[in-house]
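Ligands are counted one by one from 1 in listed order, and the atoms in each one are counted from 1 as well. Any value given below was found using the heavy atoms of this structure, including those in side chains, with hydrogens, waters and symmetry copies removed.
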Amino acid sequence: MRPMLIAQISDFHLKPQGALAYNVADTAASLKCAVRHINHLRPLPDVVLITGDMADDGALESYQVLRKILESLEPAFFMVPGNHDHKEHLRAVFPEHAYLNGFMEPDGKRAVCYAVEHFPLRLVGIDTVIAGEHGGGLNPGRRSWLDAVLSRKPAAPTAIFMHHPPFASGIGHMDKDVFAGREELAAIIAKHPQVERLMCGHIHRAVCRRFAGTIATVCPGIGMQLVLDLQEESPAAFILEPPALILHVFTELWGEKTLLTHVGIIPDSPDQYGGVHSFFDVVSPK
Ligand SMILES: [Fe+2]
């Protein structure tokens, strides 16, 4: 089979007119580096998944910055919102991304939940945003939608992408908001063994763990990384470590189909880390 390559990027935290986030983070510059980096990957990814917090403040102007930068991204891309996003503003700036309409909820607002069916790996985006809250979750309507969508194609290998991970990260300040409906979500995932991966954002660091019989991964941030402080009392703080992306590869190797997940640093410029260097005189001591 031809490998299917998914680039996942997350948590851009763009500001209007490309202003610095929190007065220090040039998040627009980081996203431009990410776009250039993805465009130079070989093979070129088939699709880019963007897992939320595209804007820092939800301002319409921040999405205009987003649109301008993503205009040069070569692969097709799909987005789900994060807690910093304003869904109506996002939809207004990307009207051709009809999937952002998702479905209507009882309060008259739309949940950005959708399935992308035309790749070898089925992609299901779910909206974990709870309006006005930092933490996320899945209400009963969104959980029913997910269960029904997964039930329709039980034999199709599937990845679910979403902003909030449905588990604690160990980074204290991020764990104060418990994911609403996590046990119910786990019960749904456990019913559907075709779910190869949960692909999340929000934590601004590479994390992975087992979840309900599948594997859950968290994508590093583009705009900034959270400080790797695993104390319960860790303050909300970030650090300008390099941005990074995830490459998920759905492929067949050594005679078995598999979904691989690699994390890659995004350089400021193509030659930031120098050229590539060949190994030589490699030996395996006896
Ligand atoms: Fe974020």
| Which single N/O/S atom of His204 lies at minimum distance from the Fe ion (ligand 1)? | NE2
| Can the ring centroids of Phe78 and His97 be said to lie less than 6.0 angstrom from one another? | no
| remark: In Asp53, the N/O/S atom nearest the Fe ion (ligand 1) carries the name OD2
| Do any of the N, O or S atoms of His84 sit under 2.8 Å from the Fe ion (ligand 1)? | no
| message | With a 4.5 Å cut-off on side-chain heavy atoms, are Met54 and Ile9 touching? | response | no
| field | Ile160 and Ile189, any side-chain heavy atoms less than 4.5 Å apart | value | yes
| query | Hey, which N, O or S atom on Asp11 ends up closest to the Fe ion (ligand 1)? | reply | OD1
| Do any of the N/O/S atoms of His13, backbone or side chain, fall under 2.8 Å from the Fe ion (ligand 1)? | yes
| Between Tyr22 and Phe238, is the gap from one ring center to the other below 6.0 Å? | yes
Output side-chain donor-acceptor pairs under 3.5 Å for residues 127-134, partner residues at least two apart or in another chain, one line each.
from: Asp127; atom 1: OD1; to: Val129; atom 2: N; distance (Å): 3.0
from: Asp127; atom 1: OD1; to: Arg142; atom 2: NH1; distance (Å): 3.3
from: Asp127; atom 1: OD2; to: Lys87; atom 2: NZ; distance (Å): 2.7
from: Asp127; atom 1: OD2; to: Val112; atom 2: N; distance (Å): 2.9
from: Thr128; atom 1: OG1; to: His164; atom 2: N; distance (Å): 3.1
from: Thr128; atom 1: OG1; to: His164; atom 2: ND1; distance (Å): 2.8
from: His134; atom 1: ND1; to: Asp177; atom 2: OD2; distance (Å): 2.9

